[in-house]
Amino acid sequence: MQIIKVANRIRERIAHERFQLDGFPDITVTASIGIAHGKQIHIQHMNGLADEALYTAKQQGRNRTILFNQLDQQSIAASHSSTETRT
């Protein structure tokens, strides 16, 4: 899906950026992204599914993109090194 590609591009750019704070060594930051997709899902429910996908990404090791796809009724995990499916 295109949305996963876009989210992973954003996540990877964040991970490769170095941030410098005055007088401190450079640091790197990672991001986890939770996405909900589906046309028949009420916006409040979709927000909850995206939040759940975000927490799943964090629990699976962070620096990941998790998509909840209504059509398959499952979460699809896409990390920088592999793509996994969780049911």
Side-chain angles (χ1 to χ4, degrees):
M1 267 188 129
Q2 184 68 21
I3 189 68
I4 292 175
K5 290 178 183 178
V6 171
N8 278 330
R9 225 176 18 243
I10 292 168
R11 184 185 52 74
E12 289 169 0
R13 283 187 180 178
I14 292 170
H16 287 101
E17 188 69 31
R18 294 192 159 284
F19 296 91
Q20 184 178 15
L21 303 173
D22 293 336
F24 293 96
D26 290 355
I27 62 170
T28 56
V29 176
T30 61
S32 294
I33 301 172
I35 303 167
H37 179 268
K39 293 182 180 181
Q40 302 300 320
I41 301 175
H42 187 273
I43 190 70
Q44 288 177 330
H45 185 60
M46 187 176 289
N47 187 45
L49 292 172
D51 195 43
E52 185 178 319
L54 174 61
Y55 282 104
T56 299
K58 290 180 178 183
Q59 290 171 349
Q60 290 183 3
R62 301 179 184 236
N63 196 25
R64 304 176 180 268
T65 299
I66 302 288
L67 168 71
F68 177 84
N69 188 344
Q70 177 197 13
L71 298 176
D72 298 331
Q73 291 294 310
Q74 64 185 0
S75 295
I76 302 169
S79 68
H80 64 282
S81 59
S82 65
T83 301
E84 308 162 6
T85 302
R86 185 179 71 83
T87 57

Tell me the closest heavy-atom pair linking G38 and M46, and the distance in Å.
O-CE, 2.9 Å
Separation between CZ of F68 and OG1 of T56, rounded to the nearest 0.5 Å:
10.5 Å
After noting the C-alpha distance and the side-chain angles of T65 and L67, does the key distance pass the side-chain contact (heavy atoms from CB on, under 4.5 Å) rule?
CA-CA 7 Å; T65 299; L67 168 71; 5.6 Å; no
E12 backbone acceptor or donor facing H16 side chain under 3.5 Å:
yes
Pick out which of N63, V6, T30 makes a side-chain contact (heavy atoms from CB on, under 4.5 Å) with R11.
N63
So I43 and N47, do their side chains get closer than 4.5 Å, heavy atoms only?
no
First locate atom CD1 of I66, then atom CG of L49, and finally report the distance between them rounded to the nearest 0.5 Å.
13.0 Å
Quick check: closest heavy atoms across A57 and R64, and the distance to 0.1 Å?
O-CD, 3.7 Å
Any non-hydrogen side-chain atom of E17 less than 4.5 Å from a side-chain atom of V29?
no
Around atom CZ of F19, are there more than 12 heavy atoms from other residues, nucleotides or ligands closer than 6.0 Å?
yes
Looking only at heavy atoms, the pair that brings L54 and I33 closest together is CD1-N, 4.1 Å
